[in-house]
Amino acid sequence: MLLSRQYVIKLVCLLAVFILLTGCSSSGSSVDFQSMLQNLSRSYPNIWKLLTATAYVMGFFFAFKGVYALKAYGESRTMMSSSANIKGPIAYLFAATMLIFSPAAFHMINFTFFGTSNILSYTGGGVGSISQTSIDSVIGVVQIIGLIAFIRGWVYVARSGEQSGGQQGSGKALTHIIGGALAINVVQLKDVIWNTFGFS
């Protein structure tokens with residue numbers, strides 16, 4: 001019997017949590033959670049570059065798909081077909097543009113939300129026994145998850161053009177895009193919330 005994809009994902013997540021809770025042994029010594037996070041944080045720049053490159057490839061794929069869909073739309077219009085719809089090709093081309101220019105698109109959205117196009121780093125001291133580098137590592141995980149959500153939102157935009165229930169797809173896309181942008185700049189979001197509600 002084949003295992004479903006969701007079941008495998010849950011099993012892998014459960015295994016990862018078990019390894020994190022029990023601790024990994026390296027040459028007989030137990031590695032604590034903070035050192036594991038610090039080791040993981042060394043790969044963040046490479047993961048960020050990989051995700052950006054993936055966004056570029058997906059953008060070019062959607063661009064080709066959008067041009068082909070425009071060609072099919074033009075051919076169906078010349079045959080006076082009533083089923084022709086330009087929403088799909090436009091959605092593909094728009095999503096392709098935003099994915100190809102994803103760093104510029106993110107900076108534009110970031111500037112709109114926070115008034116700065118830079119991703120800020122956490123500058124507070126450690127919390128209790130947690131060091132500053134461990135906090136930076138956790139923030140890095142949140143930022144990478146935000147980048148994945150940002151890219152996934154533009155994929156939803158591309159798919160919403162070919163679906164009949166485009167309203168639900170566009171709501172999902174907007175949620176991922178805005179949530180991803182907020183997660184990428186989680187430090188500035190924290191400062192905005194703290195200043196808004198007067199927390200110290």
Side-chain angles (χ1 to χ4, degrees), residues 4-6 8-10 13 44-120 139-193 196:
S4 70
R5 189 170 119 183
Q6 292 178 344
V8 171
I9 290 172
K10 289 178 184 177
C13 289
Y44 289 164
N46 294 329
I47 293 173
W48 193 274
K49 289 176 186 175
L50 176 69
L51 290 173
T52 306
T54 304
Y56 290 151
V57 171
M58 291 169 60
F60 283 114
F61 173 75
F62 286 145
F64 287 129
K65 196 166 182 179
V67 169
Y68 182 76
L70 272 177
K71 178 183 174 284
Y73 172 77
E75 288 174 353
S76 65
R77 290 292 291 170
T78 57
M79 296 177 187
M80 300 298 182
S81 172
S82 61
S83 64
N85 190 359
I86 198 163
K87 184 175 85 166
I90 296 298
Y92 276 121
L93 292 174
F94 184 67
T97 304
M98 296 307 272
L99 284 172
I100 292 170
F101 297 103
S102 58
F106 170 70
H107 286 303
M108 177 185 63
I109 291 173
N110 203 21
F111 192 78
T112 302
F113 285 144
F114 301 110
T116 179
S117 59
N118 297 330
I119 299 174
L120 302 179
I139 288 174
V141 170
V142 172
Q143 290 174 336
I144 287 173
I145 291 171
L147 181 61
I148 293 171
F150 186 77
I151 293 170
R152 191 171 182 187
W154 292 112
V155 173
Y156 281 137
V157 167
R159 289 183 181 166
S160 69
E162 62 186 19
Q163 297 172 352
S164 58
Q167 194 70 25
Q168 181 182 1
S170 60
K172 221 180 213 186
L174 194 62
T175 302
H176 275 80
I177 291 168
I178 293 175
L182 295 177
I184 290 172
N185 207 347
V186 67
V187 176
Q188 183 75 11
L189 177 65
K190 186 267 302 177
D191 292 341
V192 168
I193 292 173
T196 301

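Worth knowing before you read on, the calculation uses all heavy atoms, side chains too, and leaves out hydrogens, waters and symmetry mates. All values derive from a computational prediction rather than experimental measurement.
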Checklist outcome for this item: Smallest heavy-atom separation, A55 atom then L99 atom, equals O-CB, 3.4 Å

Checklist entry - Would you say the side chain of V157 lies within less than 4.5 Å of the side chain of M98, judging by non-hydrogen atoms? => result no

Checklist entry - Of all heavy-atom pairs between A173 and G153, which one has the smallest distance, and what is that distance? => result CB-O, 3.3 Å

Checklist outcome for this item: Separation between CZ (R152) and CD1 (I145), nearest 0.5 Å, reads 12.5 Å

Checklist outcome for this item: Residues A183 and V142: closest non-hydrogen pair is O-CG1, 3.7 Å

Next on the checklist: Below 30° counts as parallel, above 60° as perpendicular, anything between as tilted: where do the rings of F62 and Y92 land?
Outcome noted: tilted

Next on the checklist: How long is the straight-line distance from CD1 of I47 back to OG1 of T52, given to the nearest 0.5 Å?
Outcome noted: 11.5 Å

Next on the checklist: Can you tell me how far apart CD1 (I139) and CG (N185) are? Round to the nearest 0.5 Å.
Outcome noted: 10.5 Å

Checklist entry - Which heavy-atom pair separates V155 from M58 by the least distance, and what is that distance? => result CG2-CE, 2.9 Å

Item to check | Separation of I178 CD1 from L182 CG (nearest 0.5 Å) | outcome: 7.5 Å

Checklist outcome for this item: Taken to the nearest 0.5 Å, the spacing of I144 CD1 from Y44 OH works out to 6.0 Å

Checklist outcome for this item: Shortest non-hydrogen pair, A96 vs A63, comes out as CB-N, 3.4 Å

Checklist outcome for this item: All heavy atoms of S102 vs all of Y56, minimum pair found to be OG-CE2, 4.3 Å

Checklist entry - Out of curiosity, H176 NE2 to I151 CD1, how far, rounded to the nearest 0.5 Å? => result 12.0 Å

